[in-house]
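Report on the following structure.
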Number of protein chains: 2
Amino acid sequence: MPTDQLSLTFSALADPTRRAILTRLAEGEATVGELAAPLPITLPAVSRHLKVLERAGLIVRGRDAQWRPTRMQAEPLDEAVAWMQARRRTWEGRMDRLDAHLRSKGDRDDRDR
Amino acid sequence: MPTDQLSLTFSALADPTRRAILTRLAEGEATVGELAAPLPITLPAVSRHLKVLERAGLIVRGRDAQWRPTRMQAEPLDEAVAWMQARRRTWEGRMDRLDAHLRSKGDRDDRDR
DNA sequence: GTGCTATTTAACCGTTTGGCTAATTAACCG
DNA sequence: CGGTTAATTAGCCAAACGGTTAAATAGCAC
């Protein structure tokens, strides 16, 4: 049961519809109906996608009469980017060291395993 | 059916076990058994996680006798980071413009909050 | 109150996911 | 060849996912 923040963020972003919603919300706040309009799915489906995004902290929702204005939040994106870049840096660092090692000498003693 | 690359990448990263595997692989290549050792799941389960990561392009796998050495690949991470940062920048840009707008006038009408 | 609009919840359904055990394949070794 | 190790595939199962339609809720407006 992935309750941790990164799992929530990544699985929220794993769905193309939810990414489309986020892309729209990055431009500015919108109501559920406005978000649903361009999408090929029903309103209840959109409503549940929004709940997933909300649980991941990627959106916050207000109340304006019978409308639910929704705004994007960037913090979870930052955390996810940080996780990816940490792995990328470790990986790149290792690549660099390997590269340096290969370049360093005629090395027959490649014992890096 | 999310066949697109971003969906593959994000859903691969949505699982904590797969993230743990990637974290390990960022340090350097490893066999299936080595990857499975610290994990609380069976070898077949690890094998299928690796298949998911491979399909997402996050790992590549070789063959060394009966071992399957696995290496991480960073490209899908880059693409995912790029997607997130694009949204973040749009969002931030809009924040900035809103901020500027609010700051521009003497705005006694700070009705935000 | 009634009625209208916006949104959510309930109930259902087929597919996917992630785990398991048992069986199978791949490749070595003696 | 037979035996051993590494890894995958097959079959099963329960839970989660993503969609639907129909019903319920929230809030205005008359």
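Note that the structure is predicted; figures quoted are calculated from it, not measured. Reminder, nothing fancy here: chain letters follow the sequence lines and each chain counts from 1.
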(request) Sugar-phosphate atoms are those with a prime plus P, OP1 and OP2; base atoms are the rest. Using that split, label each nucleotide of nucleotides 25-30 of chain C B, S or - for protein heavy atoms under 4.0 Å, 5' to 3'. (result) -SSS--
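Residue A/I21 contributes atom CD1, which lies 12 Å from atom P of C/dT7 at whole-angstrom precision. The interatomic distance linking B/L13 (CG) with C/dT17 (P) rounds to 15 Å, in whole Å. Rounded to whole Å, atom C1' of D/dC17 lies 15 Å from atom CG of B/D15. Counting to the nearest Å, the P atom of C/dC12 and the CZ atom of A/R48 are 14 Å from each other. Remark: P of C/dG18 and CG of B/L53 are 10 Å apart, rounded to the nearest angstrom. Distance CZ (B/F10) to C1' (C/dT16): 20 Å, rounded to an integer number of Å. Note: NE2 (A/H49) to P (C/dT8) measures 13 Å, nearest angstrom. A straight line from NZ of B/K51 to C1' of D/dT8 spans 7 Å, rounded to a whole angstrom.
Judged as a side-chain contact (heavy atoms from CB on, under 4.5 Å), and not counting sequence neighbours, B/R48 has no contacts. A/R18 pairs by the side-chain contact (heavy atoms from CB on, under 4.5 Å) definition with A/A12, A/D15, A/H49, A/V52, A/L53, not counting sequence neighbours. Here B/E27 pairs with A/T90, B/R24 under the side-chain contact (heavy atoms from CB on, under 4.5 Å) rule; sequence neighbours left out. By the side-chain contact (heavy atoms from CB on, under 4.5 Å) test, A/A45 is found to be paired with A/I41, A/T42, residues two or more places apart in sequence or in another chain being considered. Listed by chain and number, the residues in a side-chain hydrogen bond (donor to acceptor under 3.5 Å, both in side chains) with B/Q5 are B/T9 (sequence neighbours excluded).
Sequence neighbours left out, the pairs with a member in residues 76-88 of chain A that pass side-chain hydrogen bond (donor to acceptor under 3.5 Å, both in side chains) are A/D78-B/R88, A/R87-B/T23, A/R88-A/E92, A/R88-B/D78. Legend: salt bridge (Lys or Arg N to Asp or Glu O under 4.0 Å) pairs involving residues 56-69 of chain A, not counting sequence neighbours, sorted by first then second residue: A/E54-A/R61.
Taking every side-chain heavy atom of B/R61 into account, D/dT8 is the closest of D/dT8, C/dT8, D/dT20.
DNA chain D lies under 4.0 Å from at least one heavy atom of each of the following residues of residues 30-44 of chain B: B/T31, B/V32, B/G33, B/L43, B/P44.
B/F10 and A/L13 get closest at one heavy-atom pair: CD1-O, 3.4 Å.
With both pairing distances under 3.5 Å, D/dA23 is matched to C/dT8 as a Watson-Crick or G-U wobble pair.
The side chain of B/R18 contributes an N or O atom lying less than 4.0 Å from OP1 or OP2 of C/dG18.
Looking at heavy atoms from C-beta onward, B/T70 lies out of side-chain contact with B/V60 at the 4.5 angstrom threshold.
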